[in-house]
Amino acid sequence: MLVKHNPKSVPAPVGNYVQMVEVRDRPRWLHISGQVGMTPDGTVLQGFEAQCEQALKNLVACLEAAGMSLDDLVKVTILMTRQEDVPVYRTVRKRVLGDAEIASTLMIVAGLVSPDFLIEIEGIAAGA
């Protein structure tokens, strides 16, 4: 069982995430490497919105390949190269992940492994 918490002793989330996710009675852990805006055939999509949506879809595909779902997702870490893309990220996240409440960290970084990548998203899931 995943128990989500937003303790009153810390600031309320400023986006669609929770401050803490407690994992109870789930012995299986899945760590998903950073997913980028690349399709399964190796095509790097153009533009932040397209890359963001593909990276999130890749994350979901990894969950599904492991027999898991968004209900098992505990935490994501988002690395983005441009601050101005944060509102677009939030819109695309809502479109792809819906109202999934997960722990989340978002960082603006100087660059990713390829200058063509604008976003990278890694995840941690816990399942039965």
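Position 1 is the first residue of the sequence, and the numbers go up from there.
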* Determine, step by step, whether L112 and L79 satisfy the side-chain contact (heavy atoms from CB on, under 4.5 Å) criterion, reporting the C-alpha distance in whole Å, the side-chain angles of both residues, the deciding distance to 0.1 Å, and the verdict. => CA-CA 8 Å; L112 297 168; L79 308 169; 3.9 Å; yes
* Report yes if the side chains of L73 and L59 come closer than 4.5 Å at any heavy-atom pair, otherwise no. => yes
* **4.5 Å side-chain heavy-atom contact, V109 and M80** => no
* What closest approach, in Å, do P13 and N6 show between heavy atoms, and which atom pair accounts for it? -> CG-OD1, 3.1 Å
* Of the non-hydrogen atoms in M38 and F117, which two are nearest, and what is the gap between them? -> CE-CZ, 3.6 Å
* Can T105 and I78 be said to form a side-chain contact (heavy atoms from CB on, under 4.5 Å), step by step? -> CA-CA 6 Å; T105 298; I78 302 96; over 6 Å; no
* To do: For residues F48 and Y89, report the shortest heavy-atom separation together with the two atoms involved.
  => CE2-N, 3.7 Å
* Would you mind reporting whether L63 and L70 have side-chain heavy atoms less than 4.5 Å apart? => yes
* So do V86 and L106 actually touch side chain to side chain, heavy atoms under 4.5 Å? -> yes
* Asked: Do V92 and E49 have side-chain heavy atoms sitting under 4.5 Å apart?
  -> yes
* Hey, quick one: are I32 and V23 part of the same hydrophobic cluster, counting side-chain heavy atoms closer than 4.5 Å, chains of contacts allowed? -> no
* Asked: What heavy-atom pair brings A125 and M68 nearest, and what distance separates the two atoms?
  -> CB-SD, 3.7 Å
* Non-hydrogen side-chain atoms of T39 and L45 separated by less than 4.5 Å -> yes
* Side chains of Q19 and H5: do they bring a donor and an acceptor to under 3.5 Å? -> no
* How about R28 and L30: do any of their side-chain heavy atoms sit closer than 4.5 Å? -> no
* Asked: Under the 3.5 angstrom rule, does the side chain of K4 hit a backbone N or O of E101 as a donor-acceptor pair?
  -> yes
* Heavy atoms only: give me the nearest I121-A55 pair and the separation to one decimal. => CD1-CB, 4.0 Å
* To do: Examine distances only and state if a side-chain atom of N58 and a backbone atom of V36 form a donor-acceptor pair shorter than 3.5 Å.
  => yes
* Asked: Distance-only, no hydrogens or angles: does the E120 side chain make a donor-acceptor pair with backbone N or O of Q35 under 3.5 Å?
  -> no
* Carboxylate-amine/guanidinium proximity below 4.0 Å for E53 and R93 -> no
* Going by heavy atoms in the side chains, are L97 and V60 under 4.5 Å from each other? -> yes
* Asked: Looking at M20 and P7, what are the two nearest heavy atoms and their distance?
  -> SD-CG, 3.7 Å
